[in-house]
Amino acid sequence: METITTSAIQQNNTIDFLPLQGTDYVEFYVGNAKQAAHFYKTAFGFQSLAYAGPETGIKDKVSYVVRQNKLTFMFTTPLRADNEIADHIYKHGDGVKVLALKVEDAIDAWHQTTARGGKSYMEPLTLNDENGQVIISGIHTYGETVHLFIERKNYHGVFMPGFRKWESNYNPTETGLLYVDHCVGNVGWNQMNKWVSFYEHVMGFRNILSFDDNDISTEYSALMSKVMSNGNGFVKFPINEPAEGKKKSQVEEYLDFYDGEGCQHVALATNNIVETVTELQNRGIEFLKVPTSYYDDLLQRVGHIDEDIEPLKQLGVLVDRDEEGYLLQIFTKPVEDRPTLFFEIIQRKGAKSFGKGNFKALFEAIEREQELRGNL
Ligand code: FE2
């Protein structure tokens with residue numbers, strides 16, 4: 001019999017059958033992992049952590065792992081054409097393949113989710129080296145994206161077996177990024193509720209917020225969104241689907257260029273958004289801009305905030321308030337040539353929501369970019 005800890009009991013007193021300790025790492029399939037890792041070090045301030053490839057006994061791919069505080073990213077590139085990773089990159093371009101979740105028991109996580117209808121991606125696999133043991137299992141989610149369950153409580157090495165420590169002479173300073181706040185999935189027309197149901201029934205998540213096309217529409221385009229959260233709130237996955245508007249939804253543009261469903265953005269938390277975003281901009285990260293008129297009545301809309309308005313206005317940082325506090329957020333432009341994956345930088349000051357008050361200004365900014373690409 002398993003011991004049930006208090007953290008495994010959800011607020012509604014049902015047992016959380018899939019207790020998650022947070023995001024373990026995000027793996028990107030990319031065309032050139034060596035250069036991608038360099039970009040994320042240079043521009044976002046990640047630090048070299050681990051490497052796997054032919055030198056460590058892996059013949060068909062290389063992976064570079066970088067870390068900043070509790071954020072771990074992995075970039076993987078195949079060494080030859082005839083494999084699943086190469087096909088993934090050909091179809092989708094660079095993008096998120098794996099949203100890996102840290103668990104106490106990866107074998108149980110696989111049994112619990114597959115028994116509830118989750119499609120297995122990886123049966124539990126035990127990896128050993130001189131630093132201990134990591135157990136991995138996984139299931140499919142939307143598109144070709146997967147969730148891996150990572151059990152590393154008996155591991156003391158730098159990352160996991162198969163990887164060696166990556167030491168580099170190039171170590172740019174960090175930018176204050178802390179952890180993954182949430183990861184958003186874009187799914188096809190009429191698919192949102194299917195994936196909401198998947199997260200509810202297969203993974204034990206709850207729908208904590210919903211936005212319909214009245215909340216998220218501009219003059220031209222629309223989308224719908226539901227936010228799914230695990231029991232302890234450490235893992236949040238909003239799911240978007242396109243909605244009918246006068247012109248093409250931003251979600252539809254993503255689906256066209258990603259050639260299917262996938263991860264739209266990863267939100268990265270900071271404790272000082274002004275410092276972080278100043279640093280990111282200095283390093284070449286491009287952000288969506290809202291008109292400066294957004295700031296004219298900001299304090300009337302959100303009430304008192306600790307920050308000075310001027311730096312927020314200079315950087316284009318958005319502010320929204322809910323019943324519990326406020327949040328500051330800003331969105332990058334897509335970080336690759338296809339208009340697909342981008343990042344959000346978010347600082348929460350009590351607020352647990354997602355910036356509903358900013359949707360209109362934000363989506364108008366996205367549409368201006370879509371228009372420039374000829375995709376509106
Ligand atoms: Fe977000």
Side-chain angles (χ1 to χ4, degrees), residues 22-23 26 44 71 73 95-96 99 141-142 145 177-187 192 195-196 199 205 207-213 215-218 221-230 233-243 249-251 253-255 258 261-271 273 276-277 280 285-290 294 302 315-322 324-335 339-367 369:
T23 302
V26 179
F44 286 92
L71 266 176
F73 283 0
V96 172
L99 297 168
T141 178
Y142 49 78
T145 315
L177 297 172
L178 299 173
Y179 55 87
V180 173
D181 185 275
H182 59 274
C183 295
V184 179
N186 276 346
V187 301
M192 178 178 69
W195 290 106
V196 163
Y199 281 107
F205 282 41
N207 176 208
I208 57 168
L209 276 172
S210 298
F211 307 104
D212 64 19
D213 44 347
D215 296 317
I216 316 184
S217 72
T218 64
S221 68
L223 62 84
M224 295 188 282
S225 189
K226 286 187 177 175
V227 182
M228 305 306 294
S229 172
N230 81 315
F234 290 178
V235 179
K236 293 184 284 292
F237 294 140
I239 306 291
N240 295 337
E241 75 170 42
S249 167
Q250 54 173 292
V251 177
E253 187 197 34
Y254 175 100
L255 296 169
Y258 198 70
E261 302 178 339
C263 178
Q264 179 209 39
H265 75 265
V266 180
L268 310 175
T270 172
N271 280 337
I273 199 164
T276 294
V277 173
L280 294 175
I285 296 296
E286 297 177 315
F287 291 92
L288 291 174
K289 290 281 185 183
V290 295
Y294 171 89
V302 302
L315 295 167
V317 171
L318 309 175
V319 189
D320 195 28
R321 184 177 287 277
D322 63 20
E324 293 168 279
Y326 67 97
L327 61 82
L328 305 111
Q329 63 185 168
I330 189 168
F331 296 81
T332 73
K333 293 184 181 181
V335 289
T340 52
L341 177 74
F342 59 88
F343 291 95
E344 172 180 354
I345 311 299
I346 184 166
Q347 181 179 3
R348 292 188 182 278
K349 302 192 90 165
K352 295 202 179 76
S353 55
F354 292 81
K356 180 178 167 183
N358 293 323
F359 287 167
K360 193 168 186 330
L362 177 66
F363 295 150
E364 284 170 353
I366 291 175
E367 283 168 10
E369 300 287 319

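Just so you know, these numbers use all the heavy atoms, side chains as well, and skip hydrogens, waters and symmetry mates. Whatever order the structure lists ligands and atoms in, that order sets their numbers, starting from 1.
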Enquirer: Any donor and acceptor pair, going by atom type alone, linking the side chain of Gln347 with main-chain N or O of Asn271 inside 3.5 Å?
Expert: yes
Enquirer: What residues, two or more places apart in sequence or in another chain, satisfy salt bridge (Lys or Arg N to Asp or Glu O under 4.0 Å) together with Glu253?
Expert: Arg373
Enquirer: Please tell me if the side chains of Val96 and Cys183 come closer than 4.5 Å, counting only heavy atoms from C-beta onward.
Expert: no
Enquirer: Determine how many protein N/O/S atoms sit closer than 2.8 Å to the Fe ion (ligand 1), leaving waters out since they are not shown.
Expert: 3
Enquirer: Taking only residues two or more places apart in sequence or in another chain, which ones pass ring pair (Phe, Tyr, Trp, His ring centres under 6.0 Å) with Tyr254?
Expert: Tyr258
Enquirer: Would you find more than 12 non-hydrogen atoms of other residues, nucleotides or ligands less than 6.0 Å from Lys289 atom NZ?
Expert: yes
Enquirer: Which residues pass the side-chain contact (heavy atoms from CB on, under 4.5 Å) test with Lys356, not counting sequence neighbours?
Expert: Phe211, Asp215, Asp320, Phe359
